Amino acid sequence: MATIPNLNSLRRGRGRGFGRDVSRPGKDQVVQGTDNDASVSRLSAVQLGYLDDPYATALTPPGSATRRLPIINRGRAITTITISKQRAIANPATGTYVRTTTIDQLVTRFLGPWAPDNKRKQIISLGAGSDTRVFRLLSLRQSPDFVYHELDFAVNTTAKIRAIRSAPELQRVLGIDSSVPEKDSPVKVSEAGDALQSPSYHIHPVDLRTLSSHDDPAKALPGVETDLPTLLISECCLVYLSPVEAQKVVLWGETAVPLGLILYEPIRPNDAFGEVMVSNLAAREIQLQTLHKYASLEAQRARFRDQGFGDGQAAGDVEFLWKKWVSEEEKDRVAGLEMLDEMEEWELLARHYCIAWGWRDQDDISAFAGWKTLEAQQGG
Ligand SMILES: C[S@@+](CC[C@H](N)C(=O)[O-])C[C@H]1O[C@@H](n2cnc3c(N)ncnc32)[C@H](O)[C@@H]1O
């Protein structure tokens, strides 16, 4: 089986004082474990035909595959509880159909159609966990016109690199050829097995809370280029940081301009469904630290304005995105996959998750031009 060369030549962050993972046992372990929810839900959605993702199996821990409820496959969710007739599904990590396809659309428009002379772009995925997006993108674009960085705690980056080492389909996408001597391979893995570097894809073991102590992203994260149009993605990640820490991560990202930001987060914690969602999470010792501060679509948009995005911000909850961004043909296809008899429940659930996106073009660079025509939701 092909393996990734384990070269000692890659210097890791440890001991060099930059953006390294200094995570703490206990609370951090619970947060790190939320990636498992995300990967299991992704695999469930793939196995049932919601998503076409040939990399989901390889990146889901063996033996953890479970079939999720239909409303979770279509939308997203967490542990089930009964409030009168309604169940608050509250899984902090589930990225499935609506969220995945919506973020895919934003990412595709940011990258633009592939062309040999495309200006390179950069994507930084915060708390990427076992996400498969980079593999899907690399397999679609003949010659990558982007560089993709994934950041997460070392325990999760190590697990991901281990999965890559044992999955030929992932290695093929990265251009790893087992017949090529290690020293000539374009893919380098750190001695500890927690960092990976290649021309188009980097995995960094880093605690996001340490990033803001470094002004220079290129020094904090090897391979980050500060002159490329850059998109930060947080799929249910910044919500685990305190509001101040989360803001510092975005401000840190500003040093690479122009900057775009996509957030996928729960909202509306103060109605009956939201309260149960919060208490379900608390039972798992999970606290979504920014949830009450950014509790509505309007609060999410204000968050972007406060962070200097001005008018370049928009948001929609999952119910809106399903209605407006998914074609009728695709809705019919998805509707035929599973019986969904909990329509009210689905809508309730879908109103409690949102995607917010913001962009800051500079000097008329049009990296985010494709976002400006997308329909966003008005109101709170
Ligand atoms: C709910 S999972 C989402 C994973 C992935 N973004 C997805 O949607 O499939 C949250 C991820 O954020 C990571 N995370 C949370 N806080 C972090 C921090 N301070 N530093 C690095 N990673 C963090 C967790 O380890 C976990 O992998």
Side-chain angles (χ1 to χ4, degrees), residues 13 19-46 51 53 55-56 59-61 64 68 72 75-79 90-104 107 123-136 148-160 163 194-195 203-213 220-221 232-250 252-253 262-266 281 284 286-291 318 353 355:
R20 64 189 190 279
D21 179 355
V22 292
S23 59
R24 304 173 288 247
K27 271 191 182 169
D28 285 353
Q29 277 174 346
V30 175
V31 171
Q32 288 153 5
T34 61
D35 181 49
N36 197 45
D37 297 328
S39 62
V40 169
S41 295
R42 183 180 307 109
L43 186 58
S44 169
V46 170
L51 297 170
D53 185 343
Y55 310 107
L59 287 169
T60 304
S64 52
R68 295 292 209 215
I72 304 179
R76 75 155 288 117
I78 314 183
T79 320
N91 187 326
T94 323
T96 44
Y97 181 78
V98 176
R99 152 248 190 114
T100 304
T101 54
T102 302
I103 296 178
D104 282 352
V107 169
I123 297 177
I124 301 180
S125 175
L126 307 168
S130 52
D131 188 28
T132 58
R133 182 166 286 106
V134 64
F135 292 94
R136 292 189 284 115
Y148 201 106
H149 297 267
E150 293 189 336
L151 283 49
D152 210 309
F153 289 115
V155 65
N156 284 352
T157 61
T158 304
K160 188 159 201 172
D194 59 359
I203 301 180
H204 305 274
V206 63
D207 181 340
L208 296 172
R209 295 165 298 191
T210 67
L211 277 181
S212 60
S213 54
L221 303 173
L232 297 186
I233 304 177
S234 164
E235 280 192 70
C236 229
C237 171
L238 288 181
V239 72
Y240 294 105
L241 277 60
S242 72
V244 170
E245 288 165 343
Q247 188 171 15
K248 281 184 180 169
V249 173
V250 177
W252 170 87
I262 301 173
L263 300 171
Y264 172 68
E265 302 196 340
L281 289 167
R284 293 178 59 188
I286 294 172
Q287 197 201 352
L288 302 181
Q289 298 192 60
T290 64
L291 177 58
V318 164
Y353 290 88
I355 293 183

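Both counts, for ligands and for their atoms, begin at 1 and track the order of listing. In what follows, residues are counted from 1 in the order of the sequence shown. Given the structure is predicted, the values throughout are model-derived calculations rather than measurements.
Checked against salt bridge (Lys or Arg N to Asp or Glu O under 4.0 Å), Lys160 has the following partners two or more places apart in sequence or in another chain: Glu150.
When heavy-atom distances to ligand 1 are checked against a 4.0 Å cut-off, Ala128 comes that close only through its backbone atoms N, CA, C and O.
For a threshold of 3.5 Å applied to N or O pairs, the pair formed by Ala38 and ligand 1 contains no separation below that value. Polar contact with ligand 1: absent for Tyr240 (N/O pair, distance under 3.5 Å). Backbone and side-chain nitrogen or oxygen atoms of Asp207 are examined, and one is located within less than 3.5 angstrom of a nitrogen or oxygen of ligand 1. Considering backbone and side-chain atoms alike, Cys236 places every N or O at 3.5 Å or more from each N or O of ligand 1. At least one N/O-N/O distance between Asp152 and ligand 1 falls below 3.5 Å.
Ring-plane geometry between Tyr55 and Phe135 is classed as tilted, the angle between the planes lying from 30 to 60 degrees on a 0 to 90 degree scale.
At least one heavy atom of Val206 sits less than 4.0 Å from an atom of ligand 1. By the 4.0 Å heavy-atom criterion, Glu245 is excluded from the residues contacting ligand 1. Under a 4.0 Å heavy-atom criterion, Leu151 is not in contact with ligand 1.
Near Arg209, meaning under 4.0 Å from one of its heavy atoms, ligand 1 places the atoms 19 (N). Set against the non-hydrogen atoms of Asn156, the atoms of ligand 1 under 4.0 Å away are 25 (O), 26 (C), 27 (O). Atoms of ligand 1 found under 4.0 Å from any heavy atom of Leu241 (numbered from 1 in listed order, with element): 16 (N), 19 (N). Which parts of ligand 1 touch Glu235 is read off a 4.0 Å heavy-atom cut-off, strictly below it: atoms 3 (C), 6 (N), 8 (O).
In this model, no donor atom of one side chain and acceptor atom of the other lie less than 3.5 Å apart for Thr157 and Asp194.
Lys248 places none of its side-chain heavy atoms less than 4.5 Å from the side chain of Leu208. Put simply, the side chain of Val31 does not reach to within 4.5 Å of the side chain of Ile286, judged on heavy atoms.
When Arg42, His204, Arg99 are checked for heavy-atom proximity to atom 8 (O) of ligand 1, Arg99 turns out nearest.
Of the possible donor and acceptor atoms, one in the side chain of Gln289 sits under 3.5 Å from a partner among the backbone N and O of Tyr240.
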